[in-house]
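Input: a single structure, listed below in structure tokens.
The figures here come from the full heavy-atom set of this structure, side chains too, leaving out hydrogens, waters and symmetry mates.
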Amino acid sequence: MTQKLSCLFIADNAPITRAFVVASGLFTVFFGIQGRSSKLGLSYLDIFGKFRLWKLIVSVFAFSSTPELMFGLYLLYYFRVFERQIGSNKYSVFILYSVMVSLLFEILALAILKDPAVNLFTSGPYGLIFASFVPFFFDIPVSTRFRVFGVRFSDKSFIYLAGLQNVHLSCSFFLSRDTKSRFCSPLQLLLSSWKRSIIPGIFGVVCGSLYHLNVFSIRKAKFPEVIASFFSRISWPSMGTPPAAPSRNIVGNAPPFTARQRNYPSSMLSATEPTEDSIGTLVSMGFDRNSARQALVQARNDVNVATNILLEAHAH
């Protein structure tokens, strides 16, 4: 399991994401070894009765089960693209904002519901994960569309399915632990433990929406450069990749791509001319037209790959 987790930690130019993934994995493994993973969720009695405030911190990082951990870390790792897009300093604010506001919503919900159930809300960084789906929906373009049995899908569909699977796993773990049942339908899971994982997910989406709407100008806030530098030094090594350099907001500041064009074989640069739609997508993200076209040529008209190429060029 440690070997699998180490593969997820390779997040170039995303030291904050890397540090958060490492912390989440270590917290989950630590409490899992002690056999306390199933007791990490939040409940009304824990917060307002026994004042177990340490659970507020633990519930931000530790997942309740190994399947949740694997899907959760995969999503956190995938969403590193936002750190590379807006910079580590602003992404640190996004993480802190999502975690704190969603946790506040959960505490208010516990006070309102006053449900005596043990572990009413699941443990794990669901506030951050589901808050990240908002910029994923609005800011990440669709590069591939396809049909399965007449139903339209895109390359982004798999990320949405991973999020739903994480909710399903949380419900399944909770229900099987309480009922000792190995088989249950998704409807049973939803009806029996919908509050446990769906409510934290909704709170996360609300946090992401507030950030996207720039409430209180939150999108302009950022931590000092020393924060990203600190996490770059202490987080998991990147298997020989050069140290990550904190990037800045790409909008309006993307450098010419020609400076790095010489690093790639000329045969790749003679690929099919990219479409106007793909070029327009990258231009709308703040890149200049010539850089966008050259990146798409190298990426064979794959918008996601071209975006990563331009972000890496900007970081260096």
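- Residues I47 and L45 fall into different hydrophobic clusters, defined by Ile, Leu, Val, Met, Phe, Trp and Tyr side chains chained together at heavy-atom separations under 4.5 Å.
- Taking the side chain as every heavy atom from C-beta outward, I309 and V305 approach each other to under 4.5 Å.
- Classification of K90 and E83 as a salt-bridged pair fails, no side-chain N sitting under 4.0 Å from a carboxylate O.
- Residues Y91 and T17 approach most closely at CE2-OG1, 3.4 Å, considering heavy atoms.
- The hydrophobic cluster containing F158 does not contain I129, counting ILVMFWY residues as joined when their side-chain heavy atoms lie under 4.5 angstrom apart, directly or transitively.
- When all heavy atoms are compared, the tightest approach of G163 to F130 is O-CZ, 3.9 Å.
- In this structure the side chain of L42 reaches within 4.5 angstrom of the side chain of L103, judged on heavy atoms.
- Relative ring orientation between F105 and F203 is described as tilted, the plane-to-plane angle lying within the 30° to 60° band.
- Comment: E276 engages R289 in a salt bridge, judged by a side-chain N to carboxylate O separation of less than 4.0 angstrom.
- No donor-acceptor distance shorter than 3.5 angstrom exists from the side chain of R293 to the backbone of N290, with no hydrogens or angles considered.
- Connection of L40 to L53 is established within a shared hydrophobic cluster, with ILVMFWY side chains joined at heavy-atom distances below 4.5 Å, either directly or through further cluster members.
- Using a 4.5 Å heavy-atom threshold, the side chains of L75 and S132 count as separate.
- Between the side chains of E106 and Y126, not a single donor N or O lies within less than 3.5 Å of an accepting N or O.
- Hydrophobic clustering places L56 together with W54 (ILVMFWY residues linked when any side-chain heavy atoms are closer than 4.5 Å, directly or through intermediates).
- At least one side-chain heavy atom of V101 sits under 4.5 Å from a side-chain heavy atom of C207.
- Sparse packing is recorded around CZ of F216, with 12 or fewer heavy atoms of other residues, nucleotides or ligands lying under 6.0 Å away.
- Annotation: Y74 is not in aromatic contact with F71 [ring centroid separation under 6.0 Å not met].
- Looking only at side-chain heavy atoms (C-beta outward), Y44 and L113 stay at 4.5 Å or farther from each other.
- For P125 against L76, the heavy-atom pair with the smallest separation is CG-CD1, 4.1 Å.
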(message) For L210 and I218: C-alpha separation, side-chain torsions, deciding distance, then whether side chain to side chain contact (heavy atoms under 4.5 Å, CB included) applies.
(response) CA-CA 9 Å; L210 293 175; I218 185 64; over 6 Å; no

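- Although no hydrogens or angles enter the test, the distance criterion places no donor-acceptor pair under 3.5 Å between the side chain of R52 and the main chain of K55.
- I86 is not listed as a side-chain neighbour of K222, based on a closest heavy-atom distance of 4.5 Å or more.
- Panel note: side chain K156, backbone F136; a donor-acceptor pair is recorded below 3.5 Å.
- With hydrogens and angles disregarded, no donor-acceptor distance shorter than 3.5 Å links the side chain of S98 to the backbone of I95.
- Listed here is the closest heavy atom pair of L69 and G25: CD1-CA, 4.1 Å.
- Aromatic ring centres of F94 and Y97: separated by at least 6.0 Å.
- Using bins of under 30°, 30° to 60° and over 60° for the plane-to-plane angle, the ring pair H212/F138 lands in the parallel bin.
- Two residues are said to be in side-chain contact when any heavy atoms from C-beta on lie closer than 4.5 Å; V205 and F133 fail this criterion.
- Classified by interplanar angle (parallel below 30°, tilted 30° to 60°, perpendicular above 60°), the ring pair F79/F82 is parallel.
- No donor-acceptor pair under 3.5 Å is formed between the side chain of S24 and the backbone N or O of V21.
- D46 places no side-chain N or O within donor-acceptor distance of the main-chain N or O of K50, the cut-off being under 3.5 Å.
- Here the straight-line distance linking atom CZ of F121 with atom OG of S59 works out to 11.0 Å at 0.5 Å rounding.
- Checking side-chain atoms of T144 against main-chain N and O of S154 turns up no donor-acceptor pair under 3.5 Å.
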(request) Quick one: do I107 and F48 satisfy side chain to side chain contact (heavy atoms under 4.5 Å, CB included)? Show the steps, please. (result) CA-CA 9 Å; I107 294 174; F48 298 100; 3.8 Å; yes

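- Within a 6.0 Å radius of CZ in F137, other residues, nucleotides and ligands contribute 12 heavy atoms or fewer.
- When all heavy atoms of A221 and V93 are compared, the pair lying nearest together is O-CG2, 3.6 Å.
- The aromatic rings of F61 and F20 sit tilted relative to each other, their planes meeting at an angle between 30° and 60°.
- Considering every non-hydrogen atom in both D155 and F146, the closest pair reads N-CE2, 4.3 Å.
- The cluster map of Ile, Leu, Val, Met, Phe, Trp and Tyr, joined by side-chain heavy atoms under 4.5 Å apart, puts I140 and F153 in different clusters.
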